[in-house]
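This report refers to the structure that appears directly beneath it.
Atom set for the values below is all heavy atoms of this structure, side chains included, hydrogens, waters and symmetry mates excluded. These numbers were taken from a predicted model, which means no experiment stands behind them.
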Amino acid sequence: ALVRYKDQQLSIINRVQDNYIYFLTNVAQFYVRGGAGTGKTMLAIRKALRVASEGGSVLYLCYNEMLAKRVDNLIKVGSMEVRVAAFFDYFLSL
């Protein structure tokens with residue numbers, strides 16, 4: 001019963017995130033704030049994948065390299081062209 005409850009909660013969270021992504025369709029930049037585990041990263045990944053799937057160019061910057069690697073691996077599953085980098089590494093490479 002607990003697993004089914006968690007699956008239902010996850011389904012609700014996904015629908016809420018889908019609504020936010022739809023709302024942000026024509027928004028080029030946005031700011032998301034929340035505590036750890038609130039879905040900020042997943043929301044940003046979903047937005048990046050949507051923009052890329054529509055032919056847009058996406059640069060996804062993370063604060064640290066470990067998160068950048070995790071996001072890059074998650075985005076590669078979606079097989080979209082999104083450049084992912086750690087913030088400071090990216091600017092040092094310029």
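In this structure, Leu59 is a member of the same hydrophobic cluster as Phe91, with clusters built from ILVMFWY side-chain heavy atoms closer than 4.5 Å.
Scored by the salt bridge (Lys or Arg N to Asp or Glu O under 4.0 Å) test, Lys40 finds no partners at all (sequence neighbours excluded).
No more than 12 heavy atoms of other residues, nucleotides or ligands sit less than 6.0 Å from atom CZ of Arg70. The environment of OH in Tyr63 is sparse: at most 12 heavy-atom neighbours from other residues, nucleotides or ligands sit within 6.0 Å.
For the residue pair Val82 and Ala48, the shortest heavy atom distance occurs at CG2-O, 3.9 Å. What you find for Ala68 and Cys62 is that their closest heavy atoms are CA-SG, 3.6 Å.
Separation of atoms CG (Leu61) and CG (Leu67) is listed at 11.0 Å; rounding is to 0.5 Å. Atom OG of residue Ser57 and atom CZ of residue Arg83 lie 9.5 Å apart, to the nearest 0.5 angstrom.
By the 4.5 Å heavy-atom criterion applied to side chains, Leu74 and Met42 are counted as neighbours.
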For a side-chain contact (heavy atoms from CB on, under 4.5 Å) check, start with the C-alpha distance between Tyr60 and Ile45, then their side-chain angles and the critical distance, and finish with the verdict.
CA-CA 8 Å; Tyr60 188 116; Ile45 287 171; 4.0 Å; yes

